[in-house]
Amino acid sequence: MPVLVAACVLAAVAWVYLLVAHGVYWRTDCRLPVGDGRAEPGPGDSPSVVAVIPARDEAAILPETLPSLLGQEYPGELSVVLVDDGSSDGTSAVGEALGSASDVALKVIRGEPLAEGWAGKVWAMAQGVAAAGECDYLLFADADIAFGPGTVGALVRAAVTDDRALVSQMALLRADTGWEKWIVPAFVYFFAQLYPFRRIGRPGARTAAAAGGCMLVCRTVLAAAGGLDRIKGARIDDIALARLLKRPPVAARCWLGFTTDIRSRRPYPRLAELWGMVARSAYTQLRYSPPLLVAVLAGLAWLYLLPPVAGLAGLAALAAGAGTGPAAGAAGWCAAAGLTGWFLQAVTYLPVLRLYRLSWLRAPGLPIAALLYAGMTADSARRYHAGRGGAWKGRTIPL
């Protein structure tokens with residue numbers, strides 16, 4: 001019993017730390033920086049931008065997303081390179097048809113077979129960069145991402161006026177179905193907890209991350225860092241790219257924040273599809289380490305599951321008449337510490353729920369989402385050791 005009480009108290013203390021000292025990761029008001037006094041680019045000197053979109057079997061979703069990028073009213077030169085990454089559903093034809101009706105130049109290229117040592121998406125990104133030619137900025141975007149009016153201009157202004165080599169925004173993911181409402185906000189919450197956005201934007205901070213659906217990158221800085229060749233085998237391209245840019249020799253200023261103007265249109269109507277999305281890369285985040293896997297699963301259980309279980313069990317014991325002395329004292333401590341930890345984790349979850357326009361009543365259910373993510377992480381390790389790690393649209397990444 002003393003061990004349980006100590007674990008509950010430590011979990012509550014950990015939640016106090018996460019609330020007040022972990023980069024205020026739970027706040028969702030980290031929006032595009034306004035700059036440090038540098039003049040904004042005028043209509044005649046706006047930097048040139050080439051958007052690079054890797055697309056593998058995306059014919060169904062491109063009509064919902066690509067026109068939003070082709071329709072951007074950007075004052076400078078803007079063009080799009082769509083890389084058909086071995087599609088079998090007519091992705092190229094759909095892209096070409098959409099481009100023919102736009103004033104923004106669209107180049108569709110058929111990707112080459114996957115080169116040895118390269119991860120699929122990074123290989124497609126590299127081919128897009130080669131096809132882009134000379135430009136000031138590269139905008140790496142996913143095929144399922146829809147851009148609101150003026151978002152490209154806003155990204156460029158933030159990069160120029162705040163001197164950022166990487167400006168990335170976490171797209172608002174779809175959360176319409178029942179399972180999406182349970183899994184998607186929790187995914188965003190856990191990501192922000194792992195990589196506090198404000199620490200990413202702090203000069204000199206080691207924390208590095210980006211959101212792969214929207215990454216505006218200064219082309220010359222990327223070249224100075226060694227280009228995409230330096231991260232060619234990366235299974236999680238956005239994290240790898242941010243780390244590449246933040247470390248020497250370039251040690252560039254980067255930024256990641258939230259937005260409601262950029263949205264993912266990809267549906268995940270069933271749990272199996274959401275499960276696969278997370279399980280595809282969860283074990284990669286842990287560097288394929290069994291000890292780290294055990295530590296993460298134990299940490300999830302201690303931080304998210306223990307507080308509500310101990311809190312409710314302590315209350316039940318007190319209600320049932322735990323008596324006096326050590327037993328009653330232990331039950332009281334478990335109830336107080338457990339409920340405190342549960343309350344604090346629910347409080348930190350509220351801003352993400354508000355971002356997704358979901359009821360605050362879902363906040364106490366965060367431990368259920370954590371339990372699901374623990375299962376997804378364990379399954380990710382199982383898939384990896386079974387030789388099926390990183391499977392995506394018929395392509396399994398060689399291990």
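What you see below is based on every heavy atom in this structure, not just the backbone, and it leaves out hydrogens, waters and symmetry mates.
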*Is Leu350 linked to Leu339 within one hydrophobic cluster, defined over Ile, Leu, Val, Met, Phe, Trp and Tyr using a side-chain heavy-atom separation of less than 4.5 Å?*
no
*Kindly indicate whether the side chain of Val49, heavy atoms from C-beta on, has any atom under 4.5 Å from the side chain of Val156.*
yes
*Please go through Leu305's hydrophobic cluster and name the other residues, only I, L, V, M, F, W, Y counting, with side-chain heavy atoms under 4.5 Å joining them.*
Leu371
*Considering all heavy atoms of both residues, which atom of Pro185 and which atom of Tyr349 are nearest to each other, and what is their separation?*
CB-OH, 3.4 Å
*Carefully, step by step, assess Ile53 and Val81 under the rule side chain to side chain contact (heavy atoms under 4.5 Å, CB included).*
CA-CA 6 Å; Ile53 306 175; Val81 175; over 6 Å; no
*Aromatic rings Phe190 and Tyr373: how do their planes relate, parallel, tilted or perpendicular, breaks at 30° and 60°?*
perpendicular
Do any side-chain atoms of residues 202-222 form donor-acceptor pairs under 3.5 angstrom with protein atoms, and if so which ones, sequence neighbours left out?
unit_1	atom_1	unit_2	atom_2	d
Arg219	NE	Cys135	O	2.6
Arg219	NH2	Glu134	OE1	2.7

List, one per line, each side-chain donor-acceptor pair under 3.5 Å for residues 60-79, sequence neighbours excluded.
unit_1	atom_1	unit_2	atom_2	d
Thr65	OG1	Ile61	O	3.4
Thr65	OG1	Ala143	O	2.7
Ser68	OG	Thr65	O	2.5
Ser68	OG	Phe147	N	2.9
Gln72	OE1	Gly150	N	3.4
Gln72	OE1	Thr151	N	3.2
Gln72	OE1	Val152	N	3.2
Gln72	NE2	Ser68	O	3.0
Gln72	NE2	Gly148	O	2.9
Tyr74	OH	Pro47	O	2.5

*Single hit among Arg266, Arg265, Lys121 for salt bridge (Lys or Arg N to Asp or Glu O under 4.0 Å) with Asp142*: Lys121
*In terms of heavy-atom contacts, does CH2 of Trp179 have more than 12 from other residues, nucleotides or ligands at under 6.0 Å?*
no
_Please enumerate all residues that pass side-chain hydrogen bond (donor to acceptor under 3.5 Å, both in side chains) together with Thr91, with sequence neighbours excluded._
Ser87, Asp89
*Any chance CG of Asp103 has more than 12 other-residue heavy atoms, nucleotides or ligands included, within less than 6.0 Å?*
no
_Using only atom types and a distance under 3.5 Å, with no angle test, would you say the side chain of Ser100 pairs donor to acceptor with the backbone of Ala97?_
yes
*Are Arg174 and Thr177 side-chain neighbours, meaning at least one heavy-atom pair lies under 4.5 Å?*
yes
_Rounded distance [0.5 Å steps], CH2 in Trp118 versus CG in Leu114_ = 10.0 Å
*Enter the distance from Gln169:CD to Leu32:CG here, rounded to the nearest 0.5 Å.*
4.0 Å
Anything under 3.5 Å between a donor and an acceptor, one on a side chain of residues 354-367, the other on a protein residue two or more places apart or in another chain? List them.
unit_1	atom_1	unit_2	atom_2	d
Tyr356	OH	Leu173	N	3.1
Ser359	OG	Leu361	N	3.1

*How many angstroms lie between atom CD1 of Ile109 and atom CG of Asp84, to the nearest 0.5 angstrom?*
9.0 Å
*asked:* Assess the residue pair Arg263 and Ile145 against the criterion (side chain to side chain contact (heavy atoms under 4.5 Å, CB included)); give the C-alpha distance rounded to whole Å, side-chain angles, the decisive distance to 0.1 Å, and a yes or no.
replied: CA-CA 6 Å; Arg263 296 171 179 256; Ile145 299 299; over 6 Å; no
*Are Leu138 and Met125 side-chain neighbours, meaning at least one heavy-atom pair lies under 4.5 Å?*
no
*asked:* Side-chain heavy atoms nearer than 4.5 Å, only ILVMFWY residues, links allowed to pass through others: does that put Leu306 and Trp342 together?
replied: no
*All side-chain hydrogen bond (donor to acceptor under 3.5 Å, both in side chains) counterparts of Asp238, not counting sequence neighbours*: none
*So does Trp182 have more than 12 non-hydrogen atoms from other groups sitting under 6.0 Å from CH2?*
yes
*Quick one: list whatever passes side-chain contact (heavy atoms from CB on, under 4.5 Å) with Leu19, sequence neighbours left out.*
Trp26, Leu344, Thr348
Solution key, residues 4-16 side-chain donor-acceptor pairs under 3.5 Å, sequence neighbours excluded:
unit_1	atom_1	unit_2	atom_2	d
Trp15	NE1	Leu303	O	2.8

*Examine the side chains of Tyr268 and Glu180 and answer whether a donor and an acceptor come within less than 3.5 Å of each other.*
no
*asked:* Within this structure, what is the CZ-CG distance for the pair Arg230 and Leu245, rounded to the nearest 0.5 Å?
replied: 10.5 Å
*Nearest heavy-atom pair of Glu273 and Pro269: which atoms, and what distance?*
OE1-CD, 2.9 Å
*Taking it one step at a time, do Ile231 and Leu228 satisfy side chain to side chain contact (heavy atoms under 4.5 Å, CB included)?*
CA-CA 5 Å; Ile231 60 168; Leu228 294 177; 3.9 Å; yes
_ring-ring contact (aromatic ring centres under 6.0 Å, His included) involving Phe140 - partner list, sequence neighbours excluded_ = none
*Starting at CH2 of Trp275, measure out to OG of Ser380 and round the result to the nearest 0.5 Å.*
11.0 Å
_In this structure, is the centre-to-centre distance between the rings of His385 and Tyr288 below 6.0 Å?_
no
*Which heavy atom of Gln345 sits nearest a heavy atom of Pro308, and at what distance?*
NE2-CD, 4.3 Å
*Verify, without hydrogens or angle tests, whether His22 (side chain) and Pro196 (backbone) share a donor-acceptor contact under 3.5 angstrom.*
no
_To check you understand the geometry: which heavy-atom pair defines the closest contact between Ala224 and Pro249, and what is its length?_
O-CG, 4.1 Å
_Test side chain to side chain contact (heavy atoms under 4.5 Å, CB included) applied to Trp255 and Cys30, step by step_ = CA-CA 10 Å; Trp255 184 90; Cys30 185; 4.1 Å; yes
*Just by distance, do the side chain of Arg235 and the backbone of Thr284 share a donor-acceptor pair under 3.5 Å?*
no
*Between Leu286 and Leu293, what is the shortest heavy-atom contact and its length?*
CD1-CA, 3.8 Å
*Check whether any side-chain heavy atom of Lys107 lies under 4.5 Å from a side-chain heavy atom of Val80, and answer yes or no.*
no
*Taking only residues at least two apart or on different chains, which pairs with a member in residues 193-222 satisfy ring-ring contact (aromatic ring centres under 6.0 Å, His included)?*
Phe191-Tyr195, Phe197-Phe258
*So, the side chain of Arg31 versus the backbone of Thr28: is there a donor-acceptor pair under 3.5 Å, distance only?*
yes
*Taking atom CG of Leu172 and atom CD1 of Ile262, what is their separation to the nearest 0.5 Å?*
10.5 Å
*Below 4.5 Å, heavy atoms only, C-beta onward: do Val184 and Leu274 meet side chain to side chain?*
yes
*Would you kindly confirm whether Leu194 and Val278 end up in one hydrophobic cluster when ILVMFWY residues are joined by side chain heavy atoms under 4.5 Å apart?*
yes
*asked:* So, using side-chain hydrogen bond (donor to acceptor under 3.5 Å, both in side chains) as the criterion, who are the partners of Tyr137 when residues are at least two apart?
replied: none
*Give a yes or no answer on whether the side chain of Arg164 reaches the backbone of Gly201 with a donor-acceptor pair at less than 3.5 Å.*
yes
_If you compare all heavy atoms of Ala242 against all heavy atoms of Cys254, which two are closest, and at what distance to 0.1 Å?_
O-SG, 4.5 Å
Under 3.5 Å, sequence neighbours excluded: what are the donor-acceptor pairs made by side chains of residues 313-320?
none

*Taking the side chain as every heavy atom from C-beta outward, state whether Trp123 and Lys232 have any pair of such atoms under 4.5 Å apart.*
no
